[in-house]
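Just below is one structure, and these are the notes that go with it.
Each chain gets a letter, A, B and so on, in the order its sequence line appears, and its residues count up from 1. Just so you know, these numbers come straight off a predicted model, no measurement behind them.
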Amino acid sequence: MDTARLLEDLNSAQRDAVGHVEGPLLVLAGAGSGKTRVVTRRIAYLLAQGVRPSNILALTFTNKAAAEMRKRVEALTALRGLWVSTFHSTAARLLRQHIQHLGRDPQFTIFDTDDRLKLIKQACDQLKLPSSQWKPSSFAAPISQAKNRLVSPAEFARANSDYFGKTAARVYDTYEKLLMQNNGLDFDDLLLKLTELLASHEEVRHALQQRFQFILIDEYQDTNRAQYLIARMLSDTHHNLHVTGDPDQSIYSWRGADIQNILDFEKDFPEAKVVKLEQNYRSTQNILAAASSVIRNNHQRRHKDLWTENEKGDMAVRFEAIDETDEARQIVRAVRSLQSGGRPLSDLAVFYRTNAQSRVLEDALRNANLAYVIVGGLAFYERREVKDIMAYVRAVVNPKDEVSLERILNVPARGIGDAAARALRAHSASAGCGLLESVRRAPDVPGISSRALKGLERFLGLYDALASLPPRPVADFVRRIIDATGYVQDLQRGGDESADDRIENVWELVSAAESYDQENPDRDIRSFSEESVLATDLDRWDESRDAVTLMTLHLAKGLEFPVVFIAGLEEGLLPHYNSMETEAGIEEERRLFFVGMTRARQRLFLSHAEVRHQFGTVRTNPPSPFLDEIPEKLAQRADSEMEEHPEGDEPAEELEIGDLVRHHRFGLGTVINMEHGRAELTLEVRFQRFGVKKLDAALARLARVR
DNA sequence: CATATCCGTTTTTTT
DNA sequence: AACGGATATG
């Protein structure tokens with residue numbers, strides 16, 4: 001393809017970036033500034049310059065971003081041998097080829113967060129930590145953080161001398177041993193082990209440096225220590241490292257991301273070319289101005305001015321709801337009116353801070369008969385029934401994976417209970433053999449009932465039958481598991497309420513396997529298993545469906561919608577309680593809000609509720625301070641709850657002491673006393689802002705708030 | 001050993 | 001409010 005054509009419809013900054021060939025390149029790409037376009041064009045440009053596709057490595061954070069990038073490069077040029085994939089799957093792939101240099105078995109299984117927790121539990125048991133005092137889940141985050149920062153158990157122990165830290169260090173150490181025994185790597189290990197491999201094995205590092213002469217990294221502001229080192233080491237010979245990112249969209253520090261990586265890029269590579277993309281092609285002037293006025297309040301920030309040639313557009317709309325149900329109702333009403341104005345539902349998205357917020361929205365949309373999709377939450381491959389089936393796959397693929405083995409031993413129930421499992425484990429420990437071997441020796445293992453023995457025999461038959469199956473087609477393999485275990489019949493028999501959903505998911509797994517077969521005729525059950533662990537809900541999202549999209553603000557990064565709703569803009573939710581203690585925490589929350597706002601192309605709706613039901617209790621939340629950072633002239637207030645809820649629509653007789661009520665002037669309050677007079681009922685209400693008032697129930701027109 | 005029931009905990013965000 | 005884990009019961 002001719003190079004002039006690749007440059008012609010770009011602005012000058014974009015052209016600078018695309019036309020850069022040799023040497024480090026930092027592209028500071030503001031929201032909506034055509035970043036993906038620049039990256040894909042640059043790949044095409046490199047190819048046009050004679051760079052071989054196999055010498056290029058493009059790294060992203062999500063499979064979706066990788067797929068999108070691949071698709072767009074493909075539209076420009078042929079790309080056999082080009083690697084475009086996530087950090088994690090790239091690491092997995094490289095480790096399969098080279099991990100034996102670290103003394104590990106290339107047939108490792110990737111353990112997800114659920115598996116990890118089970119191993120941590122095992123570690124706690126081994127260390128005899130009383131469960132009343134220690135929660136296994138409390139160790140997950142510290143261990144993960146340590147790995148992200150390349151801190152070994154020994155170093156962790158040295159750095160943490162307090163009571164919790166010392167215990168966590170022991171758990172970490174034991175957890176690592178268990179991972180090894182199971183021949184497993186957790187998500188963090190994928191990056192960590194690759195870092196170790198590159199650092200300790202010059203010949204591998206060198207070979208990969210030769211292979212990947214041009215490296216591109218997307219969302220560089222979200223890289224953690226390990227990812228940073230991988231980037232540095234891989235690019236150490238040719239220095240052709242091209243990173244793209246936006247410090248204002250750094251929202252993953254809790255996962256170990258270090259914003260310093262992008263801020264220090266020029267220090268790391270003094271010869272780096274820096275390009276700033278500040279023209280926004282996505283949003284209206286009003287939306288952009290509103291978003292800018294928010295992000296401006298961050299102090300830890302490199303100044304940047306986004307601007308656009310787009311039209312002024314509508315003002316952002318800000319509205320207040322009584323509670324989360326009311327908020328959902330108002331959003332539904334707006335959705336309906338947009339729809340009748342000719343908007344397809346696929347134009348609309350609702351973002352929120354926490355997954356728990358999706359439920360009310362979901363209910364409201366369903367009741368209104370509006371199509372919706374929830375992206376995120378419990379990922380498909382994390383659902384119990386899907387994990388059960390996949391555990392069979394994993395147990396067969398990696399016989400050392402005892403987390404999976406234990407999971408399936410008695411699923412569906414075949415008479416192998418706790419006692420039998422314990423006996424098998426004990427035998428493994430004393431005989432020094434694996435759990436599977438103990439299952440084989442079950443007749444000789446003490447403490448196993450005859451019923452359990454029968455079950456174990458059946459299980460073994462099943463296991464061996466599966467182990468001898470051809471690894472392709474994947475769908476046949478999966479179907480065989482379902483048939484042979486009677487998994488679906490078992491669900492039907494159990495007859496619990498969610499059985500239908502679960503059965504549906506099981507069949508959906510089969511169809512996922514079928515499409516995998518179609519799309520990857522050369523791959524097998526092993527690669528299917530691996531890719532499924534790294535798959536997320538976002539990857540499965542079908543954007544073409546005519547439905548409102550619901551997702552968290554985190555997931556929204558990198559996407560855009562003509563119309564965006566951001567719900568739950570309250571202090572405590574955004575910024576979230578757990579992030580409000582430090583300035584850095586609040587700034588990250590503000591960036592999260594900024595990310596959400598800048599997803600919108602034409603319309604932006606911002607809502608908050610005065611009270612919210614959380615953990616079964618009611619919580620009164622003031623509006624998010626971020627809302628007030630938007631100038632009045634940029635956000636029009638729609639005080640629509642008045643029309644929707646005329647006061648006094650609830651007879652006072654229904655009130656009880658303790659009820660939360662809303663008064664048109666005094667706002668929210670709690671009924672603290674009721675006095676029945678001759679003809680009237682006098683209420684005593686303690687208002688949150690106006691103190692205690694005595695009101696005539698017939699006149700006060702109070703609305704009860706659940 | 002399987003099933004039923006209760007209790008406690010959970011929820012911030014995810015590859 | 002809902003799920004999973006622990007406990008009691010059949």
Side-chain angles (χ1 to χ4, degrees), chain A residues 59-66 85-92 110-114 116-117 121 131-132 135-138 140-141 144 147-148 185-191 219 222-224 226-227 250-257 324 351-360 363 375-379 381-382 384 410 412-422 448-455 493-498 531 533-539 551-557 568 572-580 585 588-589 591-592 595-596 612-617:
Chain A
L59 295 170
T60 63
F61 275 83
T62 66
N63 296 304
K64 185 174 187 318
S85 68
T86 65
F87 267 102
H88 286 85
S89 40
T90 302
I110 301 169
F111 279 22
D112 69 10
T113 23
D114 188 49
R116 172 177 72 180
L117 189 58
K121 264 191 196 123
S131 61
S132 54
K135 268 194 335 200
S137 58
S138 66
S144 176
K147 290 190 172 194
N148 288 155
L185 298 183
D186 64 19
F187 287 144
D188 303 319
D189 280 336
L190 293 174
L191 305 176
E219 308 280 13
D222 287 330
T223 49
N224 63 28
Q227 288 160 328
S250 160
I251 54 175
Y252 282 103
S253 72
W254 51 274
R255 218 168 80 183
E324 73 276 13
F351 304 148
Y352 35 79
R353 179 63 175 83
T354 67
N355 280 306
Q357 288 168 256
S358 68
R359 181 157 236 119
V360 237
D363 290 344
V375 185
L378 188 59
Y381 286 98
E382 283 164 19
R384 200 205 314 163
N410 198 34
R414 48 176 82 85
I416 308 163
D418 244 15
R422 218 169 319 147
I448 294 193
S449 69
S450 64
R451 175 149 60 146
L453 201 59
K454 263 204 184 119
R493 210 164 35 80
D496 80 62
E497 209 189 312
S498 55
E531 284 174 49
V533 197
L534 295 173
T536 68
D537 211 43
L538 185 63
D539 307 327
M551 60 172 71
T552 62
L553 286 160
H554 280 88
L555 277 187
K557 190 171 60 128
L573 217 48
L574 189 76
H576 194 274
Y577 296 107
N578 300 353
S579 307
M580 279 166 64
E588 180 150 320
E589 297 287 301
R591 291 194 291 269
L592 197 49
V595 166
R612 192 167 286 275
H613 300 256
Q614 266 173 317
F615 312 105
T617 55

Length of the line joining [X]:[atom1] and [N]:[atom2], which is rounded to integer Å:
| X | N | atom1 | atom2 | result |
| --- | --- | --- | --- | --- |
| A:Asp418 | B:dT3 | CG | P | 14 Å |
| A:Lys454 | B:dC1 | NZ | C1' | 14 Å |
| A:Asp114 | B:dT15 | CG | P | 15 Å |
| A:Met551 | B:dT14 | CE | C1' | 14 Å |
| A:Tyr352 | B:dT13 | OH | C1' | 12 Å |
| A:Met580 | B:dT13 | CE | C1' | 16 Å |
| A:Asp222 | B:dT13 | CG | C1' | 12 Å |
| A:Arg422 | B:dC1 | CZ | P | 9 Å |

**Request:** Would you kindly say whether A:Thr536 and A:Asp539 are connected by a side-chain donor-acceptor distance under 3.5 Å?
**Result:**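 A donor-acceptor contact under 3.5 Å links the two side chains.
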Mind checking if [X] touches a base, just sugar-phosphate, or nothing, with heavy atoms under 4.0 Å?
| X | value |
| --- | --- |
| A:Phe187 | base |
| A:Ala379 | nothing |
| A:Ile416 | sugar-phosphate |
| A:Leu555 | sugar-phosphate |

Tell me every residue that passes salt bridge (Lys or Arg N to Asp or Glu O under 4.0 Å) with [X], counting only those two or more places apart in sequence or in another chain.
| X | answer |
| --- | --- |
| A:Lys64 | A:Glu543 |
| A:Arg255 | none |
| A:Asp186 | A:Lys147 |
| A:Glu531 | A:Arg523 |

[N] phosphate, OP1 or OP2: any side-chain N/O from [X] under 4.0 angstrom?
| X | N | result |
| --- | --- | --- |
| A:Asn355 | B:dT13 | yes |
| A:Asn224 | B:dT15 | no |
| A:Thr354 | B:dT11 | no |
| A:Asn148 | B:dT15 | no |
| A:Ser89 | B:dT15 | no |

**Request:** Select one nucleotide: of B:dT15, B:dT14, B:dC1, the one nearest the side-chain heavy atoms of A:Thr86.
**Result:** B:dT15
**Request:** Compare the minimum distances between each of B:dA2, B:dT15, B:dT13 and the side chain of A:Thr113, then state the nucleotide with the smallest one.
**Result:**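 From the listed options, B:dT15 comes nearest.
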**Item:** Stacked pair A:Tyr252-B:dT13, distance under 5.5 Å, angle under 30°
**Value:**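 Stack criterion not met.
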**Message:** Students often mix this up, so state it plainly: with edges at 30° and 60°, are the rings of A:Phe87 and A:Phe61 parallel, tilted or perpendicular?
**Reply:** tilted
**Asked** Centroid-to-centroid, A:Trp254 to A:His554, below 6.0 Å?
**Response**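 Close enough - the centres of the two rings lie under 6.0 Å apart.
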**Request:** Between A:Arg384 and A:Arg451, name the one whose nearest nucleotide on DNA chain C is closer to the 5' end.
**Result:** A:Arg384
**Residue met sooner reading DNA chain C from 5', once A:Arg359 and A:Lys121 are mapped to nucleotides** =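 Residue closer to the 5' terminus by nearest nucleotide: A:Arg359.
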**Asked** Of A:Glu382 and A:His576, whose nearest nucleotide on DNA chain B comes first from the 5' end?
**Response**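 Taking each residue's closest nucleotide, the earlier one in sequence belongs to A:His576.
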**Message:** On DNA chain B, compare the nucleotides closest to A:Asn410 and A:Leu191; which residue's is nearer the 5' end?
**Reply:** A:Asn410
**Shortest non-hydrogen contact between A:Arg612 and A:Gly568, atoms and distance** = NH2-CA, 3.3 Å
**Item:** For A:Glu382, all residues meeting side-chain contact (heavy atoms from CB on, under 4.5 Å), sequence neighbours excluded
**Value:**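 For A:Glu382 the side-chain contact (heavy atoms from CB on, under 4.5 Å) partners, ignoring immediate neighbours, are A:Asp112, A:Leu378, A:Ala379.
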Short heteroatom pairs, N/O only, protein and nucleotides 4-10 of chain B, under 3.5 Å:
from: B:dT10; atom 1: OP1; to: A:Lys135; atom 2: NZ; distance (Å): 2.2

